[in-house]
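When reading the values below, keep in mind they use all heavy atoms of this one structure, side chains included, and skip hydrogens, waters and symmetry mates. In listed order, ligands and their atoms are each counted from 1.
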Amino acid sequence: MSSSDGNLHVALLPSSGTGHLLPYLRLAASLIHHQWSLTLITTHPIVSSAESQLISTFLSAFPQITQKKFHTIPLDPVAANITDPFQLQWETIRQSAHLLSPLISSSSPPLSFIITDVTLMSSVISVTAKLCLPNYILFTSSARMLSLFSCFPSIPSSIPKESLPPILLDSNSSFTKNFSDDSGSLKHFNGVLINSFEELEKEQLEMLASGNLTKGLPPVFPLGPFLPLEVERISLFAPLKWLENQEESSVVYVSFGSRTAMSKEQIRELGYGLVLSGRKFLWVVKSKVVDKEEEEGLDEILGHRLMKKIENNGLVVKEWVDQWQILSQKAVGGFISHCGWNSVVEAAWHGIPVLGWPQQGDQMINAEVIEAGGWGLCMKSWGWGSNHLVKGVEIGDKIKDLMGNQRMKMECARISEVAKQRSKAGEGCENMLKTLFQSLKKS
Ligand code: UDP
Ligand code: G50
């Protein structure tokens, strides 16, 4: 292994889904800053256009980064019994993990370590252990989720059982099996990198660091908040122009991330809720899980009557937006979010109170972080994504609560201030990377 900070060669192995890819690219950019050599392993075929575009703009902006293409063996979704295309891709990568061995061994100069996505852990550790290559995890969710994950299948007393993703309650699902195997493999990794920071998740990070939670848990490096890169910027002419004409903190921004589609019925109720709230809104509608499959226009999804009602109150789009830039606008005063972890950290950085409406996976646990921090609401009573219809009236009332809550605004402003200080000084991340480097030298 390389002996000085200056000549390390690190491979990054992200998993599928923009929420898993973006934090990798953001981390990669800060590692480049350290003069480390980087190899980005990209998995093919790529599920969404959002991911393909991100990868290609990123690689053209950073020509010093080597790309290694990892071609997976296709899986039959029916035989694998997986309907979600991103989850299917996780399973596909896992089952092709043995093919990583030649790809890793042929890296030149030899790799110093690899950073593996959380959803691939147990399948990749067996490969890297054979090659004696140190392996770190990038945990793309909250420290709260990491606590749950590290103890699984037992559940820490701080986490209610109802907050577990429904899929984890099915002990026969391949997701649960993988989750459990991944948890068991934690102790074989050299460390866990996470996009969080002390002021956002003090208790959970302290608990993880204390070593009392799980035996053999490797060191956790809270490197957050991760910031977006120049290459993520896209031109947003119409939404920005519209936002510029709105009063300060008056607009609700609504988005459920990159891979959550709502039923048409629920989309319409949400539309009525937004209208009933009497607030201005900027709403990103998504009706298909994978962006390539979006065919219907807004007229068809929302219906003519709702479209007419919306006209004077808000702006609705049905395409990829530059979320960071939207959250940066003064006019935005609230965020209805599914609570994907990247969105949570981005909202915290900008000091925007969140109405958390978790749909699946780790999102309920992430929404609890917001609620516990006092800077947003976690709508437990609205259930998980598909299992019941939340009516417009109820949604409208909650939006009013969100936008009128001064206490949450103040709490949010406080968190935003520390987040910005941290990223300005690069302090948290710099020190953590130094500690990581020290831990590597010892390994
Ligand atoms: N995002 C964006 N524009 C969109 C949708 C998503 O910029 O139209 C970004 C968002 O800012 C975040 C990431 O994509 O950084 C989504 O990750 P998150 O963890 O919030 O949710 P996921 O998409 O994984 O469910
Ligand atoms: C994404 C998702 C569902 C989900 C999680 C996601 C996590 C992260 C932890 O990030 O909880 C995790 C560990 C191992 C594993 C899968 C996920 O195999 O859509 O639960």
Side-chain angles (χ1 to χ4, degrees), residues 14-26 48 50-51 53-54 84-87 89-91 93-94 116-124 137-150 152 163-168 173-186 192 194-195 225-229 232-234 236 239 253-261 282-286 289-291 294 317-328 335 337-347 349-350 354 356 358-366 385:
S15 183
S16 174
T18 309
H20 289 258
L21 176 64
L22 265 182
Y24 263 91
L25 304 185
R26 292 173 178 180
S48 64
E51 291 164 278
Q53 272 162 26
L54 255 173
D84 179 274
F86 295 95
Q87 239 173 40
Q89 181 73 343
W90 301 348
E91 186 61 22
I93 304 173
R94 294 177 73 99
T116 303
D117 188 83
V118 57
T119 59
L120 312 175
M121 285 171 58
S122 62
S123 63
V124 176
I137 304 150
L138 177 54
F139 195 82
T140 47
S141 184
S142 52
R144 187 174 170 84
M145 188 67 198
L146 176 57
S147 301
L148 164 72
F149 173 65
S150 69
F152 198 78
S163 312
L164 253 66
I167 195 167
L168 279 183
S173 73
S174 63
F175 183 88
T176 307
K177 189 187 172 303
N178 292 343
F179 193 86
S180 187
D181 289 351
D182 290 345
S183 172
S185 73
L186 249 174
V192 185
I194 187 165
N195 178 17
F226 287 4
L227 300 186
L229 311 172
E232 291 176 40
R233 281 216 159 208
I234 56 164
L236 270 183
Y253 166 62
V254 189
S255 168
F256 293 83
S258 66
R259 44 175 290 219
T260 302
L282 171 55
W283 180 18
V284 186
V285 169
K286 202 169 151 45
V289 173
V290 178
D291 50 11
E294 296 276 359
V317 295
K318 194 174 153 288
E319 68 224 23
W320 186 262
V321 297
D322 181 340
Q323 178 165 302
W324 184 272
Q325 216 175 314
I326 288 174
L327 293 174
S328 309
F335 181 6
S337 171
H338 69 314
C339 296
W341 186 244
N342 297 292
S343 292
V344 171
V345 180
E346 289 163 18
W349 197 92
H350 287 99
V354 173
Q359 302 291 311
Q360 57 178 330
D362 52 344
Q363 296 155 13
M364 190 73 79
I365 305 266
N366 299 343

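Taking the six-membered ring where the residue is Trp, Trp90 and Phe175 present tilted rings, their angle falling between 30° and 60°. Ring-plane geometry between Trp324 and Trp349 is classed as tilted, the angle between the planes lying from 30 to 60 degrees on a 0 to 90 degree scale. The aromatic rings of Phe139 and Phe149 are tilted relative to each other, their planes meeting at an angle between 30° and 60°.
In this structure, the protein non-hydrogen atom closest to atom 11 (O) of ligand 2 is Met145 CE, 3.0 Å. The shortest contact between atom 13 (C) of ligand 2 and any protein heavy atom is with Val118 CG2, 3.3 Å. Protein heavy atom in closest approach to atom 18 (O) of ligand 2: Asp182 OD2, 2.7 Å. With respect to atom 3 (C) of ligand 2, the closest heavy atom belonging to the protein is Gly361 CA, 3.6 Å.
If you look at Trp341 next to ligand 2, there are no close heavy atoms at all, none under 4.0 Å. At a heavy-atom distance under 4.0 Å, no atom of Gln87 approaches ligand 2. Both the backbone and the side chain of Asp362 come within contact range of ligand 2, each with a heavy atom under 4.0 Å. Of all the heavy atoms of Trp90, the ones lying under 4.0 Å from any atom of ligand 2 belong exclusively to the side chain. Residue contacts with ligand 2 for Gln360 are absent, since no atom lies close enough (heavy atoms, distance under 4.0 Å). Residue Met121 does not touch ligand 2, judged by heavy-atom distances below 4.0 Å.
To the nearest 0.5 Å, the span separating CD1 on Ile137 from CG on Asp182 amounts to 8.5 Å. Interatomic distance, Asn342 CG to Thr140 OG1, rounded to the nearest 0.5 Å: 7.5 Å.
For Asp291 (side chain) and Ala50 (main-chain N/O), a donor-acceptor pair under 3.5 Å exists by modelled atom type. With hydrogens and angles disregarded, a donor-acceptor distance shorter than 3.5 Å links the side chain of Tyr24 to the backbone of Asp117.
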side-chain contact (heavy atoms from CB on, under 4.5 Å) between Asn366 and Arg144: does it pass, once the steps are laid out?
-> CA-CA 7 Å; Asn366 299 343; Arg144 187 174 170 84; 5.9 Å; no
For a distance cut-off of 3.5 Å, show me each N or O of ligand 1 paired with any protein N or O, plus the separation.
unit_1	atom_1	unit_2	atom_2	d
ligand 1	3 (N)	Val321	O	2.5
ligand 1	7 (O)	Val321	O	3.1
ligand 1	7 (O)	Gln323	N	3.3
ligand 1	8 (O)	Val321	N	3.0
ligand 1	11 (O)	Gln323	NE2	3.2
ligand 1	11 (O)	Glu346	OE1	2.6
ligand 1	11 (O)	Glu346	OE2	3.3
ligand 1	15 (O)	Glu346	OE2	2.6
ligand 1	17 (O)	Asn342	ND2	3.3
ligand 1	19 (O)	Trp341	N	3.3
ligand 1	19 (O)	Asn342	N	3.1
ligand 1	19 (O)	Asn342	ND2	2.9
ligand 1	20 (O)	Ser343	N	3.0
ligand 1	20 (O)	Ser343	OG	2.5
ligand 1	21 (O)	His338	NE2	3.1
ligand 1	23 (O)	Ser258	N	2.7
ligand 1	23 (O)	Ser258	OG	2.5
ligand 1	25 (O)	His338	NE2	2.8

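Ser343 and Ser337 are not linked by any side-chain donor-acceptor pair at a separation below 3.5 angstrom, with hydrogens and angles left out of the test. At a cut-off of 3.5 Å, with distance as the only test, no side-chain donor of Arg94 or Thr119 sits close to an acceptor on the other residue. For Asp362 and Ser141, the side-chain atoms include at least one donor-acceptor pair closer than 3.5 Å.
Here Asp84 pairs with Phe86, Gln87, Arg259, Val289 under the side-chain contact (heavy atoms from CB on, under 4.5 Å) rule; sequence neighbours left out.
Distances shorter than 4.0 angstrom occur between a heavy atom of Phe175 and an atom of ligand 2.
On a distance-only criterion, Arg259 and ligand 2 share at least one N/O pair closer than 3.5 Å.
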